Amino acid sequence: MRDDDKGGGADRIAIRALHKRFGALEVLKGVDLTVARGEVVVVMGPSGSGKTTLIRCMNLLEEPDAGTVTVCGRTVECGGAMRRRERARQVRAIRHRTAMVFQQFNLFPHLTALGNVAEGPLSVRGMPREAARVLGLGLLDRVGLADKADEYPARLSGGQKQRVAIARALAMEPEVVLFDEPTSALDPELHAEVLAVMRELARDGMTMVVVTHEVQFAREAADRVVFMDGGVVLESGPPQEFLNHPVHPRAQAFLRLVAHDTPAPPPGGEPPARPARWEHAR
Ligand SMILES: Nc1ncnc2c1ncn2[C@@H]1O[C@H](COP(=O)(O)OP(=O)(O)OP(=O)(O)O)[C@@H](O)[C@H]1O
Ligand SMILES: [Mg+2]
């Protein structure tokens, strides 16, 4: 148990009254969200609703203007309420406990799959080279890529690259993993392999916040779905409840489009044509 786990409560993440603007654009307008230990929260919402900004604020990759961010018992009060050194200490602690998986993988092209996974343990955690290699190989095996350890990213498929990126995130032994649309840059046939790894991670009890429109994943792996629109959380609930019976008309309109956007092909038939992206539903 880390020292900050003592008295940290069951919540791994607690976001309170979070505000963020980019110039004149107010992107987050007072977001409250808690994520319990081991909980899997899926965040959905139209393009531009602030989903990426919200999860980037969770590990302070983005600097919120006001509100508080608490991760694993470490709190950052935003908007100048904290002494600079104390704030920097809390931010460092939060970053050590969170890992992020991006839409575009962000692998180092000059490193092999193993090199990518071992890089953090070597350079950030100061792990001896052999230990980092063993850890890296174990994690590549866990995401089904033991045989690709020596391949460079250019020779991996998108799905394989994203699985390396997940292994790389896990190599930092995070307590929370934040995913930003991890499958949306992939061809549909590659979604399943990435989602399978994520489902297993969820089953193993990892605390996860996943921005995704993968309805099936939300049904199977999420404890809760949070629907954002216009910089606020409009609705949240257990997946079966939210996905089957959304209350807010904007959530209903959004889900009608998303449900069509991730069609299950009928047996032997062509999948239905994709409708325009959901942002056009506004
Ligand atoms: N660094 C930035 N500078 C200026 N504006 C930004 C910045 N990052 C995001 N925005 C704006 O903030 C709004 C919310 O962006 P965000 O990326 O959080 O939305 P999103 O819900 O993740 O959308 P998408 O589904 O398209 O990924 C958008 O209008 C976007 O243009
Ligand atoms: Mg986004």
Side-chain angles (χ1 to χ4, degrees), residues 13 15-33 35 40-67 69 71 76 78-79 91 95 98-106 158 161-162 165-166 169 176-188 191 194-195 198 208-218 222 224-236 242-243 246 248-262 274-282:
I13 302 175
I15 301 290
R16 297 279 172 250
L18 203 74
H19 288 259
K20 172 69 186 170
R21 58 168 63 242
F22 292 110
L25 184 68
E26 193 178 15
V27 177
L28 301 180
K29 300 175 183 169
V31 174
D32 294 289
L33 182 67
V35 182
V40 177
V41 171
V42 160
V43 180
M44 292 185 174
S47 181
S49 57
K51 307 177 300 292
T52 294
T53 305
L54 175 63
I55 63 166
R56 286 172 62 84
C57 283
M58 286 178 186
N59 62 0
L60 287 309
L61 273 182
E62 215 59 83
E63 165 100 43
D65 297 313
V69 175
V71 178
V76 170
C78 306
V91 169
R95 295 234 179 100
T98 52
M100 196 148 180
V101 175
F102 303 90
Q103 188 175 8
Q104 297 293 346
F105 329 128
N106 295 4
K161 279 188 238 190
Q162 193 60 297
I166 294 172
V176 172
V177 186
L178 309 170
F179 294 84
D180 191 6
E181 301 211 40
T183 57
S184 62
L186 304 175
D187 290 337
H191 290 202
V194 171
L195 293 173
M198 290 169 61
M208 296 162 62
V209 180
V210 187
V211 176
T212 185
H213 298 140
E214 299 272 4
V215 171
Q216 197 55 31
F217 173 79
R224 193 150 47 98
V225 181
V226 166
F227 177 71
M228 284 188 75
D229 195 17
V232 295
V233 172
L234 271 192
E235 190 169 337
S236 104
F242 173 77
L243 295 168
H248 200 285
R250 306 244 349 129
Q252 292 168 357
F254 173 81
L255 281 174
R256 270 196 298 277
L257 288 171
V258 172
H260 288 167
D261 207 38
T262 50
R274 282 172 167 248
R277 268 174 66 87
W278 42 88
E279 64 262 42
H280 302 312
R282 287 169 163 258

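Computed from a predicted structure; not experimentally measured. What you see below is based on every heavy atom in this structure, not just the backbone, and it leaves out hydrogens, waters and symmetry mates. One-based numbering, in listed order, for ligands and for the atoms of each.
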To the nearest 0.5 angstrom, please state how far the [atom1] atom of [X] sits from the [atom2] atom of [Y].
X	Y	atom1	atom2	value
Ile55	Ile15	CD1	CD1	11.0 Å
Lys29	Leu18	NZ	CG	14.0 Å
Met100	Asp180	CE	CG	5.0 Å
Arg56	Leu61	CZ	CG	5.0 Å
Glu181	Met44	CD	CE	10.5 Å

Does any N or O in the side chain of Gln162 come within less than 3.5 Å of the main-chain N or O of Val194, such that one atom is a donor and the other an acceptor?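 No, because the side chain of Gln162 does not come within donor-acceptor range (under 3.5 Å) of the backbone of Val194.
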
Do any N or O atoms from the side chain of His191 and from the backbone of Leu186 form a donor-acceptor pair under 3.5 angstrom?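 Checking the backbone N and O of Leu186 against the side chain of His191, a donor-acceptor pair under 3.5 Å is found.
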
N/O to N/O below 3.5 Å, does that happen between Leu25 and ligand 1?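 Min N/O separation from ligand 1 is not below 3.5 Å for Leu25.
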
Counting both backbone and side chain atoms, is some N or O of Phe22 under 3.5 Å from an N or O of ligand 1?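 No, no N or O pair falls under 3.5 Å.
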
Taking only heavy atoms of Pro46 into account, list the atoms of ligand 1 that are under 4.0 Å away from them.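 Ligand 1 atoms under the 4.0 Å threshold to Pro46: 21 (O).
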
Ligand 1 atoms in contact with Ser47 (distance to a heavy atom under 4.0 Å):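 Per the distance check, 23 (O), 24 (P), 25 (O), 26 (O).
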
Do the rings of His213 and Phe254 sit parallel, tilted or perpendicular, given the 30° and 60° boundaries?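 Rings of His213 and Phe254: perpendicular, as their planes differ by over 60°.
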
Any heavy atom of [X] sitting closer than 4.0 Å to ligand 1?
X	value
Ser49	yes
Glu181	yes
Gly23	no

Of Val209, Leu54, Val41, which meets side chain to side chain contact (heavy atoms under 4.5 Å, CB included) against Val226?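 Exactly one candidate clears the test, Val41.
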
So, Ser184 and Gln103: side-chain donor and acceptor under 3.5 Å apart, yes or no?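 Yes.
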
I want to confirm something. Looking only at heavy atoms, which of Val27, Leu28, Thr53 is nearest to atom 13 (C) of ligand 1?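 Ranked by closest heavy atom to atom 13 (C) of ligand 1, first place is Val27.
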
Atoms of protein origin (N, O or S) under 2.8 Å from the Mg ion (ligand 2):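 Protein N/O/S atoms under 2.8 Å of the Mg ion (ligand 2): Thr52 OG1.
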
